Amino acid sequence: MRILVQKFGGTSLSTPEARQHVIRHIRKALSLGYQLVVVVSAMGRKGDPYATDTLLELVRQNGDSLPARERDLLMCCGETISAATLCSSLNAEGIPSAVLTGGQAGILTSDDFGNAHILTIHPNRIHDVLEQGKVAIVTGFQGKTANDDSTTLGRGGSDTSATALGVALKAEIVDIFTDVGGILTADPRLVENARLLSQVSFSEIVNMAHNGAKVIHPRAVEVAMQANLPIRVRSTFEEDEGTLVANFDALKHERNEVRDRFVTGIAHVPNVTQIVVPNPQAGFDMQVRVFKAMAERQISVDFINVNPSGVMYTVFDHEGKRAEAALQDMGFEPRLTPGCAKVSVIGGGIHGVPGIMAHIVEALTNEDISILQSADSNATIWVLVQGTDLVKSVKALHQAFLAE
Ligand code: ADP
Ligand code: MG
């Protein structure tokens, strides 16, 4: 039998009208003869009644009193509510279905509560449900440890649940249904004329996702990429096929369009703090000490630039104060610029093309945007700008590289 995995995000499940669209996609897949596994996120977004952030509000007044293990139990509720609601809608419409939690679906994880990693999947119970002719609804974002404790996979974890199940079940493809038409050349909330990318390679999308394009989680793409499992990112509310993410060679086989573009998209990460730490006596050990101090405090660092006069890097805004205190404790005099944004120009074809950096600098300076820091790799060029310049920067770079 051909197996299809469909994943529906929060906004796709939050209202009865939206769920009618979900049911339409489910009916369509069943009519095509697929055995169907549906992975669901918690309903809605922050502020909505059963969204994960809302559930966490219930305990926020108590500070850090809820242990990580129990916190995961609370965080599992959103997906559970969503799955049971969808099951009831489906059964009411004459489509038999059964719900499995992440643990029941056989998703075994590490015991890093709140950010667990999938170790293996034993999907026997999913196969049982499918053999009974039912749709298997699986709560996304969840797993269980060897001790049967419930775990969650971290932000965007439902995407990873979907592709990992796709791999374990040898699905033909995984459909990620969301509130936009697919993967676009930039976040449509910032760039109104962002264009749909009809086909992209795994590596392009891993890059976009790592650099902030939150339409799909990077771990989900990496899991699919390792198993060469194609993904389609598409809208719940439309019929269109959206974006096909697949192996580059396979894509080339079908069409040539991919190789022709050297920039795929513009992505961004807001709310980062730039930290500049001057080197007091031009010795080299300060660099090691700075990054060790960050590691010891579990502060993740990015955009690192090391040179004899000191080090420069970024942390998320909410970690800025802790990072500053740690550096001051060691006798350094760090300078912090909070509220910055990292903007990335991404494309497999960037490598070695002369003039790209000049084009970026020109596009930004024409808009009076100052670049605080920059770096590049073979497939990405990053610039750090003030947060107040974020929207202007993304628009300017989109205009420079991707406008029709
Ligand atoms: P879901 O709840 O379905 O998982 P998300 O909010 O996680 O939805 O992801 C969808 C959102 O990702 C879109 O509403 C869009 O604003 C944002 N996004 C950011 N970058 C991109 C991009 N390059 N293409 C499409 N959407 C993007
Ligand atoms: Mg998402």
Side-chain angles (χ1 to χ4, degrees), residues 5-15 18-19 21-22 25 38-48 50-54 78-79 82 86 139-141 152-163 174-201 204-221 223-224 231-238 240-245 261 263-271 341-347 380 390-391 393-395 397-398 401-402:
V5 176
Q6 296 181 325
K7 178 254 168 177
F8 293 95
T11 43
S12 307
L13 292 156
S14 57
T15 63
R19 288 196 289 278
H21 286 280
V22 170
H25 291 294
V38 175
V39 176
V40 295
S41 297
M43 291 182 199
R45 294 238 163 90
K46 194 170 185 165
D48 291 339
Y50 310 109
T52 305
D53 284 314
T54 311
E79 279 69 19
S82 201
L86 180 62
T139 53
F141 176 63
T152 65
L153 307 179
R155 287 225 171 245
S158 293
D159 293 340
T160 310
S161 306
T163 56
V174 173
D175 277 341
I176 305 281
F177 285 96
T178 182
D179 62 353
V180 285
I183 300 173
L184 309 179
T185 48
D187 187 341
R189 283 178 216 193
L190 272 58
V191 180
E192 299 81 20
N193 62 343
R195 288 183 286 114
L196 180 79
L197 295 161
S198 57
Q199 300 188 340
V200 287
S201 66
E204 285 174 296
I205 280 334
V206 166
N207 248 338
M208 294 259 303
H210 270 301
N211 286 299
K214 66 168 204 154
V215 63
I216 185 162
H217 197 277
R219 262 165 74 195
V221 188
V223 167
I231 305 172
R232 240 170 351 204
V233 179
R234 52 199 298 195
S235 166
T236 303
F237 307 96
E238 292 158 15
D240 304 345
E241 293 260 299
T243 303
L244 176 66
V245 186
R261 70 175 168 242
V263 172
T264 308
I266 314 293
H268 66 278
V269 178
N271 307 325
K342 182 170 115 168
V343 179
S344 314
V345 176
I346 291 145
T380 311
L390 167 62
V391 177
S393 304
V394 176
K395 283 188 168 155
L397 292 172
H398 192 270
F401 290 101
L402 291 157

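Residue numbers start at 1 and run along the sequence shown. These values consider heavy atoms only, across backbone and side chains, with no hydrogens, waters or symmetry-generated copies. Source: prediction; values computed, not measured. We count ligands from 1, going down the list as the structure has it; atoms in each ligand are counted the same way.
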Exercise. State which residues pass salt bridge (charged side-chain N to carboxylate O under 4.0 Å, His left out) with Asp53; sequence neighbours excluded, sorted by chain then number.
Key: Arg155

Considering only N or O atoms, set out every pair between ligand 1 and the protein closer than 3.5 Å, with distances to one decimal place.
| unit_1 | atom_1 | unit_2 | atom_2 | d |
| --- | --- | --- | --- | --- |
| ligand 1 | 2 (O) | Gly10 | N | 3.2 |
| ligand 1 | 3 (O) | Thr178 | OG1 | 2.7 |
| ligand 1 | 4 (O) | Lys7 | NZ | 3.2 |
| ligand 1 | 6 (O) | Arg45 | NH2 | 2.6 |
| ligand 1 | 6 (O) | Lys214 | NZ | 3.2 |
| ligand 1 | 8 (O) | Arg45 | NH2 | 3.4 |
| ligand 1 | 8 (O) | Thr178 | OG1 | 3.2 |
| ligand 1 | 14 (O) | Asp179 | OD1 | 2.8 |
| ligand 1 | 14 (O) | Asp179 | OD2 | 3.4 |
| ligand 1 | 14 (O) | Arg189 | NH2 | 2.7 |
| ligand 1 | 16 (O) | Asp187 | OD1 | 2.8 |
| ligand 1 | 16 (O) | Arg189 | NE | 2.8 |
| ligand 1 | 16 (O) | Arg189 | NH2 | 3.4 |
| ligand 1 | 23 (N) | Leu184 | O | 2.9 |
| ligand 1 | 24 (N) | Leu184 | N | 2.9 |

Quiz item: Looking only at atom types and distance, does a side-chain atom of Thr163 sit under 3.5 Å from a main-chain N or O of Val221, one as donor and one as acceptor?
Solution: no

Quiz item: What's the shortest heavy-atom distance between Ile346 and Glu204, and which atoms?
Solution: CG2-O, 4.1 Å

Quiz item: side chain to side chain contact (heavy atoms under 4.5 Å, CB included) with Leu184: which residues, sequence neighbours excluded?
Solution: Pro188, Ala194, Leu196

Practice problem: Sequence neighbours left out, what passes side chain to side chain contact (heavy atoms under 4.5 Å, CB included) with Ser161? Give chain and number order. | Solution: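 If we apply the side chain to side chain contact (heavy atoms under 4.5 Å, CB included) test to Ser161, skipping adjacent residues, the hits are Val39, Leu153.
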
Exercise. Report the relative orientation of the aromatic rings in His21 and Phe237; use parallel for angles under 30°, tilted for 30 to 60°, perpendicular for over 60°.
Key: perpendicular

